[in-house]
Amino acid sequence: MVIDISSPNGTYDPVFLSNYATINLNDQILRVPGIGNVVVYGAGQYAMRLWVKPDQLAKLNITVPEIVNAINEQNAVNPAGQVGGEPAPPGVDYTYSIRAQGRLQSPEEFGQIVVRAEPDGSLVRLKDVARIELGAQTYSQVGRLNGKAAAAIAVYQLPGSNAIAAVDGVKQLMEQVKHTFPPDLEYTIALDTTLAVREGIKEIIHTLFEALVLVIIVVFVFLQGWRATLIPALAVPVSLIGTFAMFPLLGFSVNTIAMMGLVLAIGLVVDDAIVVVEAVEHHIERGLSPKEATLKAMEEVSGPVVAIALVLSAVFLPTVFIPGITGKLYQQFAVTIAISVLISAFNALSLSPALSAMILKPKKETRGPLGAFYRWFNNVFGKSTNGYVRVCSWLIRKVVISLLVIGVMAVGTGLIGKQVPGGFLPEEDQGYLFVQLQLPDAASLQRTNAAAREVEKVIMDTPGVEYVTTVVGMSLLSGVTNTYSSFCFVSLKPWHERKSPETQYAAIMARLNQQLRQVPQGIGFAFSPPAIPGIGTAGGVTFILEDRAGKDIAFLWENTRKFLEEAKKRPEIARATTTFLPTVPQLFVKVDRDKVLKQG
């Protein structure tokens, strides 16, 4: 997540905002459970900057190392000891600790540092040979929120922790500390990467309840009785809750993969209970009591129930042994379904028979509108079943036609499969995206800052965008601080506010890339975050080209350029870039060491 500290009325400059975040918020956020790292983007940390006067230094024959030594000696914390401490002569009644002057704090105090004491008693102070001011240690970055000065606090999750709990902890902390902010200082949650997770779990929970209701309705229509429907309906929550209970033992967490597995499992866990109920009802219709019918039915269906559970488990469990990250993605999904199926089988052998013996009774003919619906449904379903059986009987006798039908279905499946994205994970609307701006090599920070403002205007004029956090002076793709790169965290409005076509994720990406190509100062492009947070810095594929021949940089760059040219010719690759920039102009200074040593 990204938290921006800003001053709406411009009371505080970027240096103050960045240092306030570093001094007052950095450590507190790090103490929140689940937070692994905090990085403050923007201006540098506070520093006392000394601008020496070369003419004065030459006139007084003072070198820069002398100034550095003077500062280190006089800007220090020195223990002063005690007065009256032991060993002391008899009669000492009090012991006093001595406090001495500590580190210097203001430009005026630094100006009083004595650089040299002349034999005639005169003193050369630091203010005589340098201009002193309180500023930033580095001026290599600029931070903004929606075009205004801000300090961006990037908060990273601790591996293995609960992302939602960690973000909630940070939000709670910020609500507490905002009451201690000075006037005209506020914070903004400019980027929350867990919003997509929350929205996904919310939708999956809705789907879970919808699937449960639909399953109960279908079971009621086919079994045609509330007593018979109640038994499979109870089996579903028992199986799902039992699956949740197994998660801690297996080291799983409740996430979108597990929830999707449970949605699929709903349709599977009712099957065993339905088999038991139909078998019991069959024997009740033949005159047996519910208890006798249950015992008779379990003698017949216990084997099939166990077989169904083992077969379904055998379908899903082998995916556990798939290596790598692909196996990790399939693992919890498959194990979730397998556990729910096994618990469902256990219910079918224990809970469902007990409920059948207690609840089921001989059926009576249903009257009224519901009875009419049952008769109509049974009639239609019977005709459909008979028609299906006749078609299958005819196809069994027509082998050639059956093979042609199977072939057509196989070809159709292949054609449809080609339309499905074939990447590691498809790009999805996660509620945010990134924008990278690259100026010509060695371009100054001022040029990059001006170009970044144009990019900000393009982004903020795009429908569906809510926040734009800009960091000038750093490349997000390479993680390198330089003067010719800039990037933006772009947060989109909530999903329920983006219903129009132009505010959809793909439309926003297409519009941004089209307009960013028109920025003349440099190369700008929008790209998606990684499909799985923490795996890479962007969506797509990362490829590393290695020089195993041990040749020079020119050789590696030439082959990198050829590789990119060939990659761009591939129709399935939309864009291919590299962060390897060996041609950045540099200046080489050759120092005459002998002359330097002679001149002191």
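On a predicted model such as this, the values are computed, not experimentally measured, just so you know. Quick note: residue numbers are just sequence positions, from 1.
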Q) Quick check: are there more than 12 heavy atoms from other residues, nucleotides or ligands sitting under 6.0 Å from CG of Leu134? A) yes
Q | Minimal non-hydrogen separation, Ala152 against Thr469, with atom names | A | CB-CG2, 3.7 Å
Q | Side-chain donor-acceptor contact under 3.5 Å, Thr188 with Asp4 | A | no
Q) Is atom OH of Tyr330 surrounded by more than 12 heavy atoms (other residues, nucleotides or ligands) closer than 6.0 Å? A) no
Q: Mind listing the closest non-hydrogen atom pair of Tyr484 and Pro440 along with its distance?
A: CB-O, 3.5 Å
Q) For the atom pair CD (Gln430) and CG (Leu191), what is the distance rounded to the nearest 0.5 Å? A) 10.0 Å
Q. What orientation do Phe527 and Phe525 show, parallel under 30°, tilted 30 to 60°, or perpendicular over 60°?
A. tilted
**Q.** Within-4.5 Å side-chain heavy-atom neighbours: Ile153 and Val2
**A.** no
**Q.** Criterion side-chain contact (heavy atoms from CB on, under 4.5 Å) against Ser486, the qualifying member of Val455, Val142, Thr470
**A.** Thr470
Q: Evaluate side-chain contact (heavy atoms from CB on, under 4.5 Å) for Leu173 paired with Val170, printing each intermediate quantity in order.
A: CA-CA 5 Å; Leu173 171 67; Val170 173; 5.6 Å; no
Q.
Donor-acceptor check, side chain of Thr448 to backbone of Ser444, threshold 3.5 angstrom: yes or no?
A. yes
Q: Decide yes or no on side-chain hydrogen bond (donor to acceptor under 3.5 Å, both in side chains) for Gln436 and Ser475, but give the supporting numbers first.
A: CA-CA 7 Å; Gln436 177 80 15; Ser475 172; 3.1 Å; yes
Q) Does a side-chain heavy-atom distance below 4.5 Å link Leu492 with Glu466? A) no
Q: State, to 0.1 Å, how close Tyr505 and Pro529 come at their nearest heavy-atom pair, and which atoms those are.
A: OH-CD, 3.6 Å
Q | Glu502 atom CD, neighbour heavy-atom count above 12 within 6.0 Å | A | yes
Q: List the steps and the verdict of side-chain hydrogen bond (donor to acceptor under 3.5 Å, both in side chains) for Asp192 and Thr194.
A: CA-CA 5 Å; Asp192 183 357; Thr194 64; 2.6 Å; yes
Q.
Checking side-chain contact (heavy atoms from CB on, under 4.5 Å) between Thr336 and each of Leu262, Leu240, Val341, which is the one that passes?
A. Leu262
Q) Roughly how far apart are Phe434 CZ and Phe489 CZ, rounded to 0.5 Å? A) 6.0 Å
**Q.** Neighbour count >12 (heavy atoms, 6.0 Å) for atom CZ, Phe346
**A.** no
Q) With sequence neighbours left out, which residue pairs that include part of residues 235-247 fulfil the side-chain hydrogen bond (donor to acceptor under 3.5 Å, both in side chains) condition? A) Ser239-Asn347
Q | Side-chain donor or acceptor of Thr319 paired with backbone N/O of Phe316 under 3.5 Å | A | yes
Q: Mind running side-chain hydrogen bond (donor to acceptor under 3.5 Å, both in side chains) on Gln157 and Ser161 for me, showing each step along the way?
A: CA-CA 7 Å; Gln157 178 190 355; Ser161 61; 3.2 Å; yes
Q. So do the side chains of Arg49 and Tyr139 get within less than 4.5 Å of each other, counting heavy atoms only?
A. yes
Q. Salt-bridged, Glu566 to Lys569, with N to O below 4.0 Å?
A. yes
Q: Check the pair Arg511 / Asp461 against salt bridge (Lys or Arg N to Asp or Glu O under 4.0 Å), numbers first and verdict last.
A: CA-CA 11 Å; Arg511 174 186 171 123; Asp461 290 341; over 6 Å; no
Q. In Å, rounded to the nearest 0.5 Å, how long is the span from CD1 of Ile337 to CG of Leu268?
A. 7.0 Å
Q) Yes or no on side-chain contact (heavy atoms from CB on, under 4.5 Å) for Met474 and Val480, after CA distance, side-chain angles and deciding distance? A) CA-CA 6 Å; Met474 184 175 179; Val480 175; over 6 Å; no
(Q) Please give me the minimum heavy-atom distance between Ala150 and Leu17, naming the atom from each residue. (A) CA-CD1, 4.0 Å
**Q.** Closest non-hydrogen atom pair, Ser313 against Leu342
**A.** OG-CD2, 3.5 Å
Q.
Checking Arg498 against Asp429 for the salt bridge (Lys or Arg N to Asp or Glu O under 4.0 Å) test, could you report, in this order, the C-alpha distance in whole Å, the side-chain angles of both residues, the deciding distance, and whether it holds?
A. CA-CA 11 Å; Arg498 293 190 285 117; Asp429 183 357; 3.0 Å; yes
Q | Sub-4.5 Å side-chain heavy-atom contact between Thr193 and Tyr432 | A | yes
Q) What's the shortest heavy-atom distance between Gly464 and Thr503, and which atoms? A) N-CG2, 3.9 Å
Q: Could you give me the CA-CA distance, side-chain angles and deciding distance for Ile459 and Glu454, then say whether side-chain contact (heavy atoms from CB on, under 4.5 Å) is met?
A: CA-CA 9 Å; Ile459 299 173; Glu454 292 193 24; over 6 Å; no
Q. For Phe209, does the CZ atom sit with more than 12 other heavy atoms under 6.0 Å from it, leaving out its own atoms?
A. no
(Q) Quick one, Asn513 and Arg517 - any side-chain contact, counting heavy atoms below 4.5 Å? (A) yes
Q: Check whether any side-chain heavy atom of Ile308 lies under 4.5 Å from a side-chain heavy atom of Val305, and answer yes or no.
A: no
Kindly list each side-chain donor-acceptor pair under 3.5 angstrom involving residues 22-46, sequence neighbours excluded, with atom names and distances?
residue, atom, partner, partner atom, Å
Thr22, OG1, Ser18, O, 3.0
Asn24, ND2, Tyr20, O, 3.2
Gln28, NE2, Asn24, O, 2.7

(Q) Let's go through Glu175 and Lys178 carefully: what are the C-alpha distance in whole Å and the side-chain angles of both, what is the deciding distance for salt bridge (Lys or Arg N to Asp or Glu O under 4.0 Å) to 0.1 Å, and is it a yes or a no? (A) CA-CA 6 Å; Glu175 281 297 310; Lys178 76 174 184 179; 3.2 Å; yes
Q: Determine, step by step, whether Arg144 and Glu456 satisfy the salt bridge (Lys or Arg N to Asp or Glu O under 4.0 Å) criterion, reporting the C-alpha distance in whole Å, the side-chain angles of both residues, the deciding distance to 0.1 Å, and the verdict.
A: CA-CA 10 Å; Arg144 286 193 294 269; Glu456 287 172 347; 2.9 Å; yes
Q: Measure the CE-CE distance between Met174 and Met1 for me, rounded to the nearest 0.5 Å.
A: 8.5 Å
Q) For the atom pair CZ (Phe563) and OG1 (Thr578), what is the distance rounded to the nearest 0.5 Å? A) 9.5 Å
Q | Stepwise side-chain hydrogen bond (donor to acceptor under 3.5 Å, both in side chains) check, Tyr187 with Ser6 | A | CA-CA 6 Å; Tyr187 80 93; Ser6 60; over 6 Å; no
Q.
Under the criterion side-chain contact (heavy atoms from CB on, under 4.5 Å), I'd like the reasoning laid out for Leu439 against Arg447: C-alpha separation, chi angles, the key distance, then a yes or no.
A. CA-CA 8 Å; Leu439 266 68; Arg447 286 179 58 188; 3.9 Å; yes
**Q.** Any Tyr12 side-chain heavy atom under 4.5 Å of Pro183 side chain
**A.** yes
Q) Taking side chain as C-beta onward, heavy atoms only, is Met509 less than 4.5 Å from Leu433? A) yes
Q. Atom CD1 in Ile523, atom CG in Leu437: separation rounded to 0.5 Å?
A. 9.0 Å
(Q) Donor-acceptor check, side chain of Asp184 to backbone of Thr11, threshold 3.5 angstrom: yes or no? (A) yes
